[in-house]
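Inspection log for the structure reproduced underneath, given as structure tokens.
What you are looking at is a predicted structure, and each value in this text was computed from that prediction instead of being measured.
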Amino acid sequence: MNNFLTRIFRRKIKVKKKIIIGRKDKANFPELGLKNLDIKMDTGAYTSAIHCRKIETIKKGEKEVLVFTLLDPSHSQYDEREFSTEKFCEKRIKNSFGSSENRFVIETDIRLFGKKYPIELSLSERGAMRFPILIGRRFLMGKFIVDSSKYDLSFKKAKAKNKIK
């Protein structure tokens with residue numbers, strides 16, 4: 001294609017630049033009060049998941065509310081705090097062994113590379129896993145490219161930015 005056609009083609013189609021993210025990083029979840037929480041990108045998983053110990057639904061007036069506790073007592077950010085939300089649903093999700101199970105899914109925000117993104121997290125028992133949060137393809141698509149040779153790119157960028165200021 002000649003230069004003229006290339007310039008016109010680029011103007012007509014907005015190319016969204018994707019951010020390179022490593023295989024693991026640290027992220028903030030402002031609505032949950034969690035900072036620098038270890039996350040792992042899992043391109044084999046469609047949905048994202050967070051480790052949760054206690055999950056139950058309760059009635060508050062006419063509304064159903066999901067009440068849950070995040071992380072394990074052994075985790076440095078565990079504080080026994082109960083979270084509650086009306087922004088949840090129940091979905092059938094395949095686990096890492098390939099069998100389907102019903103899980104509660106919450107809507108919250110994640111902060112990576114200085115930007116806040118909405119994310120859906122399924123609540124899952126991940127106590128035996130190294131990372132309390134898995135980030136799946138549904139969140140990554142259209143925003144990020146995973147480079148498995150890199151790690152903590154968002155965290156390092158945030159640290160560098162805070163040192164400069």
Side-chain angles (χ1 to χ4, degrees), residues 16 18-19 21-146 148 151-159 162:
K16 186 175 180 184
K18 295 178 186 172
I19 299 168
I21 193 166
R23 70 183 182 276
K24 62 180 186 161
D25 213 319
K26 294 180 185 297
N28 295 340
F29 295 84
E31 293 177 345
L32 303 175
L34 300 171
K35 289 187 173 198
N36 299 327
L37 199 61
D38 291 328
I39 62 173
K40 179 181 174 189
M41 301 332 121
D42 185 351
T43 59
Y46 181 69
T47 56
S48 300
I50 187 168
H51 174 57
C52 191
R53 290 178 40 87
K54 178 186 145 199
I55 309 165
E56 65 180 336
T57 57
I58 60 170
K59 284 277 192 189
K60 278 195 175 176
E62 294 294 313
K63 297 184 179 186
E64 193 170 29
V65 176
L66 184 67
V67 179
F68 54 96
T69 304
L70 298 175
L71 308 175
D72 268 333
S74 61
H75 194 278
S76 63
Q77 292 192 47
Y78 178 77
D79 61 5
E80 296 181 43
R81 183 166 45 131
E82 277 192 347
F83 295 88
S84 63
T85 184
E86 294 175 11
K87 297 188 300 184
F88 75 95
C89 64
E90 197 169 356
K91 291 185 179 178
R92 194 131 186 92
I93 296 174
K94 276 191 183 174
N95 63 22
S96 57
F97 304 109
S99 55
S100 293
E101 59 189 25
N102 285 333
R103 287 192 196 164
F104 289 106
V105 177
I106 62 168
E107 296 176 20
T108 191
D109 292 321
I110 182 173
R111 184 170 283 283
L112 287 167
F113 295 96
K115 187 175 176 188
K116 189 165 73 169
Y117 300 92
I119 189 169
E120 287 186 350
L121 296 171
S122 71
L123 303 181
S124 174
E125 170 58 53
R126 297 186 44 75
M129 306 297 184
R130 184 168 172 222
F131 292 88
I133 297 183
L134 284 183
I135 304 296
R137 290 189 317 268
R138 184 168 187 211
F139 175 75
L140 295 168
M141 281 189 295
K143 295 184 269 311
F144 299 97
I145 295 174
V146 179
S148 62
Y151 63 93
D152 291 344
L153 298 178
S154 175
F155 181 70
K156 289 173 184 175
K157 183 179 178 182
K159 266 179 77 173
N162 289 335

**Message:** Could you report the tightest heavy-atom contact between Ser48 and Gly136, atom names first, then the distance?
**Reply:**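 Smallest heavy-atom distance, with atoms named: OG-N, 3.0 Å.
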**Prompt:** Nearest heavy-atom pair of Ile21 and Phe144: which atoms, and what distance?
**Reply:**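 For Ile21 versus Phe144, the nearest heavy atoms are CG2-CB, 3.7 Å.
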**Message:** Quick check for you: to the nearest 0.5 Å, what is the distance between Leu70 atom CG and Arg81 atom CZ?
**Reply:**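 If I round to the nearest 0.5 Å, the distance is 8.0 Å.
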Holding to side chain to side chain donor-acceptor pair (under 3.5 Å), I want the full list of residues that pass it with [X], two or more places apart in sequence or in another chain.
X	result
Lys54	Glu82
Arg137	none
Ser154	none
Glu107	none

**Message:** Just to verify, what does Ile58 make a side chain to side chain contact (heavy atoms under 4.5 Å, CB included) with, not counting sequence neighbours?
**Reply:**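 Side chain to side chain contact (heavy atoms under 4.5 Å, CB included) check on Ile58 returns Glu56, Lys60, Val65, Val67.
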**Prompt:** Residues in side chain to side chain contact (heavy atoms under 4.5 Å, CB included) with Tyr151, at least two apart?
**Reply:**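 Checked Tyr151 against side chain to side chain contact (heavy atoms under 4.5 Å, CB included); matches are Arg23, Lys24, Lys156.
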Salt bridge (Lys or Arg N to Asp or Glu O under 4.0 Å) partners of [X], counting only residues at least two apart:
X	value
Glu90	none
Glu62	none
Lys40	none
Glu86	Lys63

**Request:** List for me each residue that meets ring-ring contact (aromatic ring centres under 6.0 Å, His included) alongside Phe29, sequence neighbours excluded, and say none if there are none.
**Result:**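 Partners of Phe29 under the ring-ring contact (aromatic ring centres under 6.0 Å, His included) test: none.
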I want to check something: taking the side chain as every heavy atom from C-beta on, are [X] and [Y] in contact at a cut-off of under 4.5 Å?
X	Y	value
Thr47	Lys94	no
Val146	Leu140	yes
Pro132	Ile50	no
Ile93	Tyr46	no
Asp42	Phe131	no

**Message:** Suppose the criterion is side-chain hydrogen bond (donor to acceptor under 3.5 Å, both in side chains): which pairs have a residue in residues 112-122, not counting sequence neighbours?
**Reply:**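 Found Lys91-Glu120, Arg103-Ser122, Glu120-Arg138.
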Do side-chain atoms of [X] reach the backbone of [Y] as a donor and acceptor pair under 3.5 angstrom?
X	Y	answer
Arg111	Lys35	no
Asn36	Lys26	no
Asp152	Phe155	no

**Request:** Give a yes or no on whether Lys157 atom NZ has more than 12 heavy-atom contacts from other residues, nucleotides or ligands under 6.0 Å away.
**Result:**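 Counting other residues, nucleotides and ligands, NZ of Lys157 stays at 12 neighbours or fewer.
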